[in-house]
Amino acid sequence: MTALKQEVNYDDLIPNNVNLSEDRRLRKALEAWHPGFIDWWKDMGPDGFQDTPVYLRTAIGVDPKGWAEFGYVNMPEYRWGILLAPAEEGRTIPFGKHKGEPVWQEVPGEYRAMLRRLVVIQGDTEPASVEQQRHLGKTAPSLYDLRNLFQVNVEEGRHLWAMVYLLHKYFGKDGREEAENLLKRTSGDKDKPRMLGAFNEETPDWLSFFMFTFFTDRDGKMQLESLAQSGFDPLSRTCRFMLTEEAHHMFVGESGISRIIQRTCEAMNEAGITDPTDVEAVRKLGVMDLPMIQRKMNFHLAVTLDLFGNEVSTNAASAYEAGIKGRYQETRIDDDHQLHNDTYAVLKVVDGELKMVEETALNAINARLRDDYVKDADGGVKRWNKLIKKAGVDYELSLPHIAFNRQIGEFSGLFVSPDGEVIDQATFEANRDNWLPTASDLAYLDSLMVAVTEPGEYASWIAPPKVGIDNKPGDFEYVRLAG
Amino acid sequence: MIDFRTSPDQYRHWRLTTDGPVAHVTMAVNENAGLFDGYQLKMNSYDLGVDIELNDVVQRLRFEHPEVKAVVLASANEKIFCAGANIRMLGGASHGHKVNFCKFTNETRNAIEEASAESGQIWMCAVNGTAAGGGYELALATDHILLIDDGTTTVSLPEVSLLAVLPGTGGLTRVTDKRKVRRDRADIFCSMEDGVRGQRALDWRLVDELAPASQFDQAVTARAQELARRSDRPDNANGVLFSPLDREIGEHSIHYRHLSVELDSSRRTATLIVHGPQQDAPASVADAQAQGDSFWPLALARDLDDAILHLRLNQPEMGTWLIKSQGDGPRIAGYESLLEQEHWLMREIRLFWKRTLKRLDVTSRTLFALIEPGSCFSGLLAELVFCADRSFMLDGQWEQDDTPAAELQLSAMNFGALPMSNGLTRLETRFYGEPQSVEQAREQQGQPLDAMAALRGGLITEAYDDIDWDEELRLLIEERSSFSPDALIGMEANLRFTGPETMETRIFGRLTAWQNWIFQRPNAVGRQGALQLYGSGSRPTYNFERI
């Protein structure tokens with residue numbers, strides 16, 4: 001390992017626009033960290049595909065017109081880069097106490113602990129999803145999907161790099177220790193789990209994977225969006241570039257579920273089934289019934305909403321006030337961006353009922369980000385419903401109420417139906433199987449999980465995509481399994 | 001009015017279970033059951049109400065559970081052990097409340113430490129989630145800190161960095177004096193928001209043991225059993241149950257079974273009249289135990305303890321406490337001969353008296369002892385005289401009253417069993433520069449001393465005859481009540497604790513005094529101060545001038 005270090009030319013190995021070859025301190029830190037990362041990837045990355053050539057996109061620059069190149073790569077040799085969106089000349093801090101001051105290029109000592117905590121929490125989520133998804137390769141419904149899974153995985157790996165870069169570059173010895181620890185925690189580990197709940201859940205099947213990329217990666221997007229507003233410019237630039245990749249992850253989720261829905265509707269129509277709730281008949285066709293998809297949505301939305309933390313949060317208020325973490329699309333919001341005199345309506349539990357309560361806007365930062373998230377996710381659900389309608393099937397998917405099945409925040413401990421009705425525990429339990437995935441759902445899903453490995457072929461429960469990746473034809477061999 | 005009396009059936013914040021020699025004290029703070037309005041006790045944060053229950057837990061474990069040898073302090077919250085004192089509560093509380101809150105919580109933590117050291121009931125802390133500020137200080141009060149090693153959970157003292165105050169329940173002192181953390185590491189630890197986790201916490205001696213999450217429960221069990229094996233408490237003894245404390249509060253008086261308090265708001269005095277035993281001591285320890293919580297020394301200690309706490313919190317303007325006694329002095333010796341025996345219950349009662357007298361020592365009231373005919377300041381009760389800032393004895397009898405002249409009597413109790421927080425007996429403290437006076441007093445054990453003898457021996461401040469008594473005391477009390485209470489508090493606290501420093505004196509002196517100063521400063525409590533702004537999202541604005 002040590003002999004190798006000297007031979008590595010990091011400029012070749014690590015596409016970057018941070019002047020890595022000139023930055024001795026950063027190079028030294030990455031030299032120490034990089035072998036551990038590769039070990040982690042081999043131990044915890046996609047299981048069984050480490051020596052398989054995969055047609056992947058690699059970020060090599062930040063030019064919006066051509067920031068990536070495609071080609072076959074064995075994943076451990078993927079060139080995880082360190083890329084920051086281009087600096088904006090004269091950028092000022094867009095919100096909080098320091099609004100209007102020039103952005104920081106170094107960490108202000110006063111906010112060091114707060115910033116480090118945010119970077120560590122964001123960083124902890126990135127490798128977590130790779131770990132959660134490591135067994136999915138064995139049951140991919142097509143080579144196209146297999147390749148998308150790996151694309152998401154390597155890019156989550158790159159996002160880990162992005163956070164590690166910040167820790168190494170700006171947070172000194174503590175930062176290096178935190179970077180080490182990002183590789184020590186493991187999703188679902190009983191001793192050293194990942195920091196946030198949703199990242200310790202299993203991703204056992206492909207419906208879960210698509211739901212995860214649609215719902216949970218969208219939380220990642222919202223968090224990155226608000227960090228992209230940061231007055232700490234290196235964080236802002238890092239997150240802005242990560243968002244270009246994150247868009248693909250959203251796409252994988254939304255299009256994956258679209259293709260599942262499309263296939264289900266097609267199969268129902270072909271078989272002449274008109275009742276989407278006739279689960280037994282639908283399942284005989286080897287496709288995923290819509291009520292089960294609804295239950296999975298219910299589960300994934302609730303778990304993901306928990307990631308937003310307490311709706312009313314003083315930590316979030318402090319981070320906003322400090323100019324560290326803003327709101328979604330902060331600069332497009334028409335207010336004073338300081339919020340000392342503003343309020344924001346937050347749904348709260350008042351005497352056992354759900355009521356809108358005006359909170360000081362500063363304390364409601366998390367609630368607002370969650371509301372923005374729900375709007376964003378709802379757009380995708382509307383598009384799925386269009387597909388169902390177009391296919392002539394009488395069914396409508398909907399996001400469950402934000403208070404449904406929550407473990408963290410205002411609604412934890414409360415029993416609420418997906419429609420938003422406060423109920424008692426007995427009623428909840430009596431309806432659990434209508435609202436959340438059942439054991440038989442999971443067993444059925446499991447039975448569908450059989451790898452399809454011929455180029456251009458797809459599992460029975462998912463339609464082919466409209467367009468190939470990188471405009472490749474339908475029978476393109478995205479993953480060279482025989483290799 | 002704040003009531004310090006509670007019992008397990010009334011707990012809202014704690015669960016107490018025992019399993020043979022191991023007790024589990026589990027913090028499960030009900031966030032909607034704060035003592036006052038205006039804050040929620042989120043994340044296992046605490047206010048005085050939470051600590052009143054903890055105090056009751058500590059107390060009952062010792063008396064009601066002789067079989068409990070190890071106590072596991074833990075949290076019912078999976079992620080958070082305890083977030084410390086509730087900041088909104090502190091932000092909204094008066095200065096006086098903050099000070100009294102800290103004093104009481106400190107006393108409870110000291111009682112935990114004393115249980116481990118002297119009562120054979122050894123406390124350990126199972127830190128299964130973040131322990132911040134007062135949460136870590138709770139852990140520090142135990143003898144063994146077991147930290148979950150999950151890569152995330154930290155122990156921390158973030159008061160300086162987040163709140164612009166000090167950890168107020170002994171944190172700074174225990175980090176350096178008890179756990180002997182190197183001062184530069186302590187400096188780092190006490191000025192960081194995030195705290196320290198895992199191996200470093202162990203390396204720096206902030207905790208004693210690490211256990212991975214999957215083995216945490218087994219590690220706790222194993223350690224608790226190991227601690228229990230060190231104990232000398234009995235396996236099969238019956239505990240003494242604490243029945244609800246009889247207390248009657250009148251307009252100007254409070255009556256307990258063995259103590260009455262008279263309040264005089266014009267003079268701003270509270271007169272505490274301690275009653276001696278009504279009967280002779282039982283014949284044996286077994287007979288004493290059969291009396292349960294009616295056994296006089298125990299019953300009186302409970303009365304006195306509650307009265308001190310009640311008066312401190314609920315009668316802040318009664319600046320001078322006059323301590324008197326009534327009863328049959330010679331009877332007390334019989335009780336003391338039982339208390340001196342090696343028996344778990346007798347030891348607990350001795351330790352209870354030790355704690356109660358220490359409460360009196362740190363009470364921010366002027367204490368005057370008045371030794372009059374009919375009083376019974378003998379042995380155990382003579383310690384009350386030595387607690388006082390000054391003591392006065394009537395020389396002779398009241399005119400036209402045949403009650404015999406007052407006598408003061410010393411016993412073994414005054415020479416070791418009831419040390420102050422400086423580690424010395426009250427007589428050693430009193431005669432700090434004259435050890436021969438302690439020896440002379442020791443030789444006088446068991447002899448009734450009249451006013452002149454007591455004065456000669458330096459055991460009292462002054463002796464007056466009945467002609468002078470009323471006028472001298474009137475002048476004294478009026479003069480005392482005219483002084484600034486702040487200056488008196490500071491003066492008394494300085495003069496009471498002569499001689500060596502211990503962890504306790506450092507906590508009640510250095511730490512508390514600085515904390516109480518900081519509690520008054522705009523950087524903490526001003527409109528732009530950290531305590532006021534905490535939770536508002538706004539950051540404090542400090543005056544950066546060093547004083």
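All values below were derived from every heavy atom in this structure, side-chain atoms included, with hydrogens, water molecules and symmetry-related copies excluded. Per chain, numbering begins at 1; letters A, B, ... match sequence-line order.
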| task | Rounded to the nearest 0.5 Å, what's the gap from CD1 on B:I87 to OG1 on A:T314? Could you check? | result | 10.0 Å

| field | Contact origin within A:R116 toward chain B - heavy atom pairs under 4.5 Å | value | side chain

| message | Tell me if the CD atom of B:E78 is crowded by more than 12 foreign heavy atoms within 6.0 Å. | response | no

| message | With a 6.0 Å cut-off (strictly less than), is the heavy-atom count around CE of B:M43, excluding the residue itself, greater than 12? | response | no

| task | For B:W517, look at atom CH2 and say whether over 12 heavy atoms of other residues, nucleotides or ligands are found less than 6.0 Å away. | result | yes

| query | So, the side chain of A:D191 versus the backbone of B:A213: is there a donor-acceptor pair under 3.5 Å, distance only? | reply | yes

| message | Please report the interatomic distance CD1(A:I408) to NZ(B:K79), rounded to the nearest 0.5 Å. | response | 7.0 Å

| Once you round to the nearest 0.5 Å, how far does NZ of A:K192 lie from OG of B:S214? | 9.5 Å

| query | Got a second to check how far B:T152's OG1 is from A:R194's CZ, nearest 0.5 Å? | reply | 9.5 Å

| said: Around atom CG of B:D9, are there more than 12 heavy atoms from other residues, nucleotides or ligands closer than 6.0 Å? | reply: yes

| query | Are A:K190 and B:F216 side-chain neighbours, meaning at least one heavy-atom pair lies under 4.5 Å? | reply | no

| query | Does the side chain of A:N181 reach to within under 4.5 Å of the side chain of B:R197, using non-hydrogen atoms? | reply | yes

| request: Please examine the side chains of B:S538 and A:H340, heavy atoms only from C-beta on, and report whether any two atoms are closer than 4.5 Å. | output: yes

| request: Mark yes when over 12 heavy atoms from residues, nucleotides or ligands other than A:E202 sit less than 6.0 Å from its CD; otherwise mark no. | output: no

| query | Heavy-atom count around B:Y534 OH within 6.0 Å, excluding the residue itself: above 12? | reply | no

| request: Measure the shortest side-chain to side-chain distance between A:R112 and B:D194 over non-hydrogen atoms and say whether it is less than 4.5 angstrom. | output: no

| field | Distance, nearest 0.5 Å, that separates OH of A:Y111 from CZ of B:R539 | value | 4.5 Å

| query | Measuring heavy-atom distances to chain B, does A:K184 have an atom under 4.5 Å in its side chain, in its backbone, in both, or in neither? | reply | neither

